[in-house]
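Everything on this sheet refers to the single structure shown next.
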Amino acid sequence: MATTIIEPFRIKSVEPLRFTTKDQRAGILAEAFYNPFMIRADDVLIDLLTDSGTSAMSSRQWAAMMEGDESYAGSKSFYRFEAAVKKITGMKNIIPTHQGRASEKILFTITGGPGKYFLSNTLFDTTRANIEFSGAEGIDLLTEEARHPAAIAPFKGNIDLVALEETIREKGAARIAMCIITITNNSGGGQPVSMENIRAAGRICKQYGILFFIDACRFAENCYFIKQREEGYAAKTVGEIAGELFSYADGCTMSAKKDAFANIGGFLALNDDDLTRECRNLLVITEGFPTYGGLAGRDLEAIAVGLEEIMDEHYLQYRIRSMEYIGEKLEVEGIPFIKPVGGHAVYLDAKAFLPQVPSHQYPGLSLSNALYMEGGIRSVEIGSLMFGKYAEDGSLVPAPMELVRLAIPRRVYTQSHIDYVAEIIIDVFKKRDELNGYTIVYEAPLLRHFTAKLKPVQVEAREG
Ligand SMILES: *Cc1c(COP(=O)(O)O)cnc(C)c1O
């Protein structure tokens, strides 16, 4: 019997890849000041910078785009989109937005503000930024097991329920704007959250009269993990699991650039009519009329179809299996990564991979650049370059972990691309003793990782 889990699609339209030589890549990297964000996409062979907005759309989605109704008000594309979102979330009111952070901005402008707290398993960076921009504070309450990259556990994305209740008591329920759980937990390694955890968090919030929201960007991947790993869900469909999951929440925010196979778009779904009215009032000022919210009718069509397609269990099986497959290849070689692999990305543990490179010389960047040099693969450093801060004496306060994320775009690369990626990681691992760190020559005051300029550290300097 055949056991290979195949790509559950065939290819109708292709984009050629552009190959470069190692010599060319050395020049490209120097011109980009050793910052992968500054490399032109055309100079990248396999681009694993993000899974956001990089999905391949299906022929059904492209066909639906031709059906886009561009009427300013009440377009039929909106009603299709609304029905698709309602079918999955069961929420009463659906508000389209141009992407996830627009939903966050609207919701947190109304519910946030100075003196308020947002509690989460882990807030994604745009989520945290929008909370802080409102004047409120975000608090991550991750469980102990999630803090250990090599510890195997089925639901490392769970919120710490004891800490949740303690924090509510300590701050006072009236000052908690909401609890928002990110599924899967993107910043925590794409790790899933269990149904039990969501149910219990929902119950605690209800008991204290606190709003309970889901950051639903990767809801389908999370539901598939529940089906695979949580007792009592193996026989349920992903649609049924999603229905139960959302039934515990008062609302959700969503980026359609993730689990909706769209290149742009998002939404806010909620039950409370008063809160909805306030959100819609703000939407009209910042995004657009309530039946298009910053999107073209054709985008709403693509999202409606994408939401249906993302629930296909053959797709989800292939998706989750592709991540495991990379993990298995790395495990055999003893390469350090966050275990188990998450739903949308593999996170290499650069601190363990390159113990000779200290945090202030950015081991994650060193590894990321080595993957580009060796095989034209682009990844992203999630470590002290992205999250490091400076102490008063000017020394670097390193990030808790030095990671390199390889995010896999949906339906874009085939198994041989993935085999190639694993081979390049293994090649770099064999040469890891030769790799050195970097120092910053320019940085912006905020979100410095996007535009920082760096230069390689000379070996003498490292030892001296
Ligand atoms: C991508 C993402 C967002 C923000 O969505 P955008 O569409 O990029 O604005 C919010 N939360 C999580 C968990 C995400 O992955």
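Whatever order the structure lists them in is the order used to number ligands and atoms, beginning at 1. By convention here, the first residue in the shown sequence is residue 1.
Residues Phe289 and Tyr72 bring their aromatic ring centres within 6.0 Å. Between Tyr325 and Tyr318, the ring centre distance reaches or exceeds 6.0 Å. A centroid separation of 6.0 Å or more is found between the aromatic rings of Tyr362 and Tyr438. Between Phe337 and Tyr347, a ring centre-to-centre spacing not shorter than 6.0 Å is recorded.
Between Gly265 and ligand 1, a contact under 3.5 Å exists for no N or O pair. Considering both main-chain and side-chain atoms, Asn186 comes within under 3.5 Å of ligand 1 through a nitrogen or oxygen pair. The distance criterion of under 3.5 Å between nitrogen or oxygen atoms is met by Ser255 with respect to ligand 1.
Protein heavy atom nearest atom 11 (N) of ligand 1, with residue, atom name and distance: Asp215 OD2, 2.7 Å. Protein heavy atom at the shortest distance from atom 8 (O) of ligand 1 is Arg101 NH2, 3.0 Å. The single protein non-hydrogen atom nearest to atom 4 (C) of ligand 1 is Thr126 OG1, 3.4 Å, given as residue, atom name and distance. Among protein heavy atoms, atom 6 (P) of ligand 1 sits closest to Gln99 NE2, 3.3 Å.
Under a 4.0 Å heavy-atom criterion, Cys217 is in contact with ligand 1.
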Set out, in order, the CA-CA distance, both residues' side-chain angles and the distance that settles side-chain hydrogen bond (donor to acceptor under 3.5 Å, both in side chains) for Thr122 and Asp140, then state yes or no.
CA-CA 5 Å; Thr122 309; Asp140 293 342; 4.8 Å; no

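Look at Asp273 and Lys92 and you find a salt bridge, because one of the NZ, NE, NH1 or NH2 atoms lies within 4.0 Å of a carboxylate O, short of that distance. The existence of a salt bridge linking Asp69 and Lys76 is excluded, since no basic side-chain nitrogen approaches an acidic carboxylate oxygen closer than 4.0 Å. Electrostatic pairing of Arg321 and Glu324 counts as a salt bridge here, judged by a charged N lying under 4.0 Å from a carboxylate O.
With ligand atoms numbered from 1 in the order given, ligand 1 contributes 10 (C), 11 (N) to contacts under 4.0 Å with heavy atoms of Glu104. Near Lys257, with a cut-off below 4.0 Å to any heavy atom, the atoms of ligand 1 are 7 (O). Taking every heavy atom of Thr182 and a limit of under 4.0 angstrom, the matching atoms of ligand 1 come to 13 (C).
For atom 2 (C) of ligand 1, the nearest non-hydrogen atom from the set His344, His98, Lys258 belongs to Lys258.
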